[in-house]
Structures are given as structure tokens and as C-alpha cells.
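Have a look at the structure below, then the notes.
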Amino acid sequence: MPVAASARSPHHTGRRVAVAGVALCDAGTTGPASTQTARAETARAEAATPYALHAQAARRALADAGCDRSQVDGLASAGLGTLAPVEVAEYLGLRPTWVDSTSVGGATWEVMAAHAADAIAQGRADTVLLVYGATPRADLKARRRTADLSFGARGPLQFEVPYGHTLIAKYAMAARRHMHQYGTTPEQLAQVAVQARANATANPEAFRREPITVDDVLSGPMIADPFTKLHCCIRSDGGCAVLLVAEDRVADLATEPVWILGSGTAVSHTTMSEWEDFTVSPAAVSGRTAFAHADVTPHDIDLAQIYDAFTYMTLVTLEDLGFCAKGEGGAFVQDGRLLRDGALPVNTDGGGLSACHPGMRGLFLLVEAVRQLRGEAGEGRQVRRRDGTLPELAVASGTGGWFCSSGTVVLGRG
């Protein structure tokens, strides 16, 4: 099997690297409250600070792995504090000797996982914690922030900001180009949202679980043509953590390890005028690198977790990772292919479109991929191969900015 071969000879020159523990926070997992208990749980979750979410996720990931805090000698964190990850390390009571604060948007966590895996393989760290938490929904409700997201107006962005070229407008423009060039339809893009929601219906931790139809997506309020509201990710609070360890520590784990088999990173552009092709994302580079390092192909993959701030992201990333040819993404996402029991289960927790999206969602992709590979997804949403066995290989691909950056990680059992 490709997994066994890759597990014996990963692309790292030193030690193999395993995911030892994963965890989600409580915040953001309760959708629109319909009962008094649910309303109380939501209120408690919204009262948590981002630092508290980091701590909860870290404790749970360590417990999942059966590791003690004192064993953590590496920390990867971004998005919180003036001196991230120094402030997070202090809050968690850690004194890491290896740190990473790379921040490239939603792809941050796949890029950090690649960095951490290389550091562990080379002996620069033994146990690395990747941790994230954010409260944009609670902040908006408490009026600590506005609904608008600004990346500033300095540097290259000064040439676009004066014209109101927002983040969503950039994605919408790219989607329109794909529609023009390849005949992709609004209905096909809507299928991405419909199937993500269908996956979320079986996930008790998903923020939105009520089923939707293509007509629901198409008839919603227009946000940025061609995106209506349901083409866009939800706004939620949330946090999670992933613990990576060296192979010599696997024997002490509380759970079966999931191995990092390969990774790849890439950046593309900041200004739209420097993006050579709106229909190609940097996942075309990061994915090719990750699959080559893992010595597998897209056809070997059992499930995919893909960054989905907008429906177009899922479609074009599937193309760029090689699951279908360029321009064929529209047809590929039809006929239930992305469902938990479809030909290629994608975003099996409901993704950013339905499950959870507190900001830089990339770490959630790794958590869900690991849970599925371990067989821990739960009744009604666990992915299985056609012969009834658990999946062997998964890919997590994060995207940052407006297709500015990409990180892809191949994970496997065995």
C-alpha cells in the first residue's frame, strides 16, 4: 500500500513525525440556540477570551495524546498578541525552545505543520504544539469590532484599497473568471455549499446544521456577484490544537498515531494585477510538492479537507490538487461527490461554510483529517472506504489571503 511505503520513507531526512493529539474548543460549536440550555451554553462560549480558547484547546490536545505540558518544547501560534507566540507561550505556561509565528492567512497552519515536521525530523524539537483560538462572532456582537475586515492600505494594497476592492470582491472576481473561461455555473458553485451543509447535518459540533438546497443558495442575498450569502463562510468563534511528536515518542501515546507523510507550501501574489491566472491557486504548487514528498497521487487519497471561505475555493483547489483537470471542477463537484459517502469526501465536518470559521481556519482541517483517519468522527459521519475499512490517506490544504498562499499536508495511518 502507498501508505506503508510512505510511512517507512517520508521526505524528511531524519525522524518520522506523527500527529499525537487533536482537539476542538467549545466555542463556536453551538449554532442558533433553540432551547434555554443551548442559549446558556452559547453565552458561556461567547464569554471566553481568545487566550482561554488557546488554553482549552491545548489542554485537550495534550490529554488526547496522553502527554504532559512539560514535554512540549515547540510552539506554533499566530494571530494573537503583540509578540505571538511569546504571549501565548506565557499564558499556557510553556517555555519552548523552538517557535514559529508564520502568518500567511488561512494557510498558516499547514505551513506551520510543515515547518514543525521538518524541525522534529531534524532533531530541533521533539513535541510541537500548534494552537489557535479567536472570537470574531462574540467580538462583533459585543461591538468590539466591526463586520469589515481590513488588511490595511500600505504597500502594494494601496493601489487597490481606494477602489473598494475587498477580500470577497477578489474571490468573486476570480470565480467570475473561472465561469467565463470554463463555463462553470452558479448552480455548480452552489453544490459545494449544499454538500458542505449536508456533511454538517451529522456533526453535532457544526454551527449550521439545517439542510439547504441549490435554490436556497441561489436565492439568497447577493454579497459579491456571483456569491450570495450561502456561498460565503459563516462567522463563528472557535479554537483548536494539534500536537506533533517525533516517532520515538509514539510508543507512549494514548492514541494511534497519524503520520505526516508529505507537505508543500507556496505563495502567489498580493495585488490582483500580479496574479497571472485567476483560475489557478498556489495549491497547484503546494499540492504537487506534498504528494511527491509523500510518494502518493491524488487518486490514492480517501478524503480531503480544503479551505472554504467561499465555494469557489473548494472547486478550484480540487482542480489544482489534481483531483480533476483544470476547468472541470464544476462538473466534478456535482452528483454528491463531496458528501461523506461520496466518491471523494470533502470537508466532512461541514467546512468553513457550515461547521466553524473563526478566521484562520487551516488548523481545523488538520483536526478533522486526523479524526477521520483514526475513526473517531462518530456515528453518522465517519468516512469509510468501499470495503468498510477506515480511510488510509487524507490531504489538508489551506489557503491564505485571496489565494495568496497555500499549504498542503498529506497524512496517513500505518
Side-chain angles (χ1 to χ4, degrees), residues 17-29 44-103 108-117 119-120 125-136 138 205 236-246 249-250 252-255 257-258 260 349 356 358-371 374 376 396 398 409:
V17 180
V19 179
V22 297
L24 296 178
C25 291
D26 292 332
T29 60
R44 285 196 296 272
E46 291 178 349
T49 68
Y51 285 100
L53 297 186
H54 278 71
Q56 185 184 65
R59 286 194 300 268
R60 289 179 175 181
L62 287 167
D64 184 51
C67 293
D68 185 80
R69 182 179 61 181
S70 63
Q71 296 175 276
V72 177
D73 59 357
L75 176 68
S77 174
L80 182 63
T82 303
L83 297 174
V86 180
E87 293 181 24
V88 172
E90 181 178 85
Y91 190 86
L92 298 181
L94 302 175
R95 295 294 184 267
T97 55
W98 181 92
V99 295
D100 188 2
S101 61
T102 299
S103 184
T108 289
W109 305 102
E110 281 68 35
V111 173
M112 282 184 169
H115 293 173
I120 293 172
D126 293 318
T127 304
V128 177
L129 177 68
L130 286 70
V131 61
Y132 175 64
T135 56
E205 297 178 305
S236 75
D237 304 328
C240 59
V242 171
L243 189 71
L244 305 182
V245 302
R249 301 204 168 188
V250 165
D252 299 324
L253 297 181
T255 59
V258 169
I260 293 185
D349 63 344
C356 181
M360 297 187 293
R361 179 178 153 76
L363 195 56
F364 292 85
L365 310 182
L366 295 171
V367 171
E368 177 64 12
V370 170
R371 284 182 163 182
R374 286 179 176 177
E376 297 174 348
V409 178

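- The side-chain contact (heavy atoms from CB on, under 4.5 Å) test applied to A113 returns L130, L366, V409, not counting sequence neighbours.
- When every heavy atom of T135 is checked against every heavy atom of P50, the shortest pair comes out as OG1-CG, 3.6 Å.
- Listed by chain and number, the residues in a side chain to side chain donor-acceptor pair (under 3.5 Å) with E376 are R374 (sequence neighbours excluded).
- Among residues two or more places apart in sequence or in another chain, the side chain to side chain donor-acceptor pair (under 3.5 Å) test is passed with Y51 by E87.
- Nearest heavy atom pair, residue V245 against residue A20, reads CG1-CB, 3.7 Å.
- The distance from atom CG of L53 to atom CG of D237, rounded to the nearest 0.5 Å, is 7.0 Å.
- For the pair I120 and L244, the minimum side-chain heavy-atom distance is below 4.5 Å.
- Across all non-hydrogen atoms, the minimal contact from F364 to P358 is CE1-CG, 3.7 Å.
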inquiry  = Show, in sequence, the C-alpha distance, side-chain angles and deciding distance for V22 and D64, and conclude whether the side chain to side chain contact (heavy atoms under 4.5 Å, CB included) test is met.
reply    = CA-CA 7 Å; V22 297; D64 184 51; 4.0 Å; yes
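- Using modelled atom types, no side-chain atom of S103 and backbone atom of T108 make a donor-acceptor pair closer than 3.5 Å.
- Qualifying salt bridge (charged side-chain N to carboxylate O under 4.0 Å, His left out) partners for R60, counting only residues two or more places apart in sequence or in other chains: D26.
- The side-chain contact (heavy atoms from CB on, under 4.5 Å) test applied to A241 returns A57, A61, L129, V131, not counting sequence neighbours.
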May I have the list of side-chain donor-acceptor pairs in residues 69-83 shorter than 3.5 Å, sequence neighbours left out?
residue	atom	partner	partner atom	Å
R69	NH1	L92	O	3.3
S70	OG	D68	OD2	2.6
Q71	OE1	D68	N	2.7
D73	OD1	D126	N	3.1
D73	OD1	T127	N	2.9
D73	OD2	D126	N	3.0

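- Residues satisfying the side chain to side chain donor-acceptor pair (under 3.5 Å) criterion with T102, sequence neighbours excluded, are D100.
- To the nearest 0.5 Å, atoms CE (M112) and OG (S101) are separated by 6.0 Å.
- Annotation for A117 and V17: closest pair O-CG2, 3.4 Å, computed over non-hydrogen atoms.
- Looking only at side-chain heavy atoms (C-beta outward), P257 and V19 stay at 4.5 Å or farther from each other.
- Without hydrogens or angle criteria, D349 side chain to E368 main chain gives no donor-acceptor distance under 3.5 Å.
- Nearest heavy-atom pair, C25 versus C240, reported as atom, atom and distance to 0.1 Å: SG-N, 4.2 Å.
- Residues W98 and A119 come closest through the heavy atom pair NE1-CB, 3.4 Å.
- For Y132, the ring pair (Phe, Tyr, Trp, His ring centres under 6.0 Å) partners are W109, not counting sequence neighbours.
- Shown here are the side-chain contact (heavy atoms from CB on, under 4.5 Å) partners of R95, two or more places apart in sequence or in another chain: there are none.
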